[in-house]
Enquirer: 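Input: one structure, supplied below.
The structure displayed is predicted, hence computed values, not measured ones.
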Amino acid sequence: MEIKVFATEGGALVLLPFDTDVSDQLLEIGALQRIGEGSVPDASLSPELIAVLSTGSPAMAQPPDVEPVLRAVAMHAAV
């Protein structure tokens with residue numbers, strides 16, 4: 001699954017499907033900071049997270065999903 005990854009001021013990871021636009025207003029006020037993007041194998045993500053992202057909605061990454069998401073962002077940045 002292709003995703004965009006943002007962080008909240010509190011450090012939580014917010015995921016969006018790659019083709020979803022994020023509000024410029026949220027970025028301007030600092031509510032979200034872009035971390036990166038990447039491709040995460042569906043098998044690496046929880047079914048609940050996949051279900052939310054499949055609707056085009058943002059989702060908060062929970063602990064089992066954080067590591068594969070950060071790994072995907074790091075691999076994308078290294079290319």
Side-chain angles (χ1 to χ4, degrees):
M1 175 170 283
E2 296 287 323
I3 57 170
K4 295 178 189 174
V5 183
F6 296 85
T8 66
E9 291 177 352
L13 293 182
V14 177
L15 312 180
L16 287 159
F18 187 76
D19 58 353
T20 302
D21 290 327
V22 74
S23 167
D24 289 338
Q25 184 179 17
L26 289 175
L27 295 173
E28 287 173 10
I29 63 172
L32 292 177
Q33 180 179 5
R34 188 176 183 126
I35 301 295
E37 56 193 51
S39 180
V40 182
D42 287 358
S44 298
L45 299 174
S46 68
E48 297 84 6
L49 184 61
I50 291 170
V52 172
L53 291 172
S54 295
T55 67
S57 298
M60 298 286 267
Q62 300 300 318
D65 298 310
V66 171
E67 185 177 331
V69 165
L70 292 178
R71 190 175 24 227
V73 170
M75 288 188 341
H76 183 80
V79 174

Enquirer: Could you tell me the separation between the CG atom of D19 and the CD1 atom of I3, rounded to the nearest 0.5 Å?
Expert: 12.5 Å
Enquirer: Kindly list each side-chain donor-acceptor pair under 3.5 angstrom involving residues 66-79, sequence neighbours excluded, with atom names and distances?
Expert:
unit_1 : atom_1 : unit_2 : atom_2 : d
E67    : OE2    : R71    : NH1    : 3.3
H76    : NE2    : E37    : OE2    : 3.3

Enquirer: Which distance, rounded to the nearest 0.5 Å, do you find between the CD1 of I35 and the NZ of K4?
Expert: 14.5 Å
Enquirer: Looking only at heavy atoms, which two atoms of G56 and T20 are closest? And how far apart?
Expert: O-OG1, 3.7 Å
Enquirer: Could you pull out every donor-acceptor pair under 3.5 Å between side chains of residues 41-53 and any protein atom, sequence neighbours left out?
Expert:
unit_1 : atom_1 : unit_2 : atom_2 : d
D42    : OD1    : M1     : N      : 3.4
S46    : OG     : L49    : N      : 3.2
S46    : OG     : D65    : OD2    : 3.0

Enquirer: Mind checking side-chain contact (heavy atoms from CB on, under 4.5 Å) for P58 and listing every partner two or more places apart, or none if nothing turns up?
Expert: V14, L16
Enquirer: Among all residues two or more places apart in sequence or in another chain, which pass the side chain to side chain donor-acceptor pair (under 3.5 Å) test with S57?
Expert: T55
Enquirer: Under 4.5 Å side-chain heavy-atom separation, chaining through any Ile, Leu, Val, Met, Phe, Trp or Tyr, what else clusters with F18? Say none if it is isolated.
Expert: none
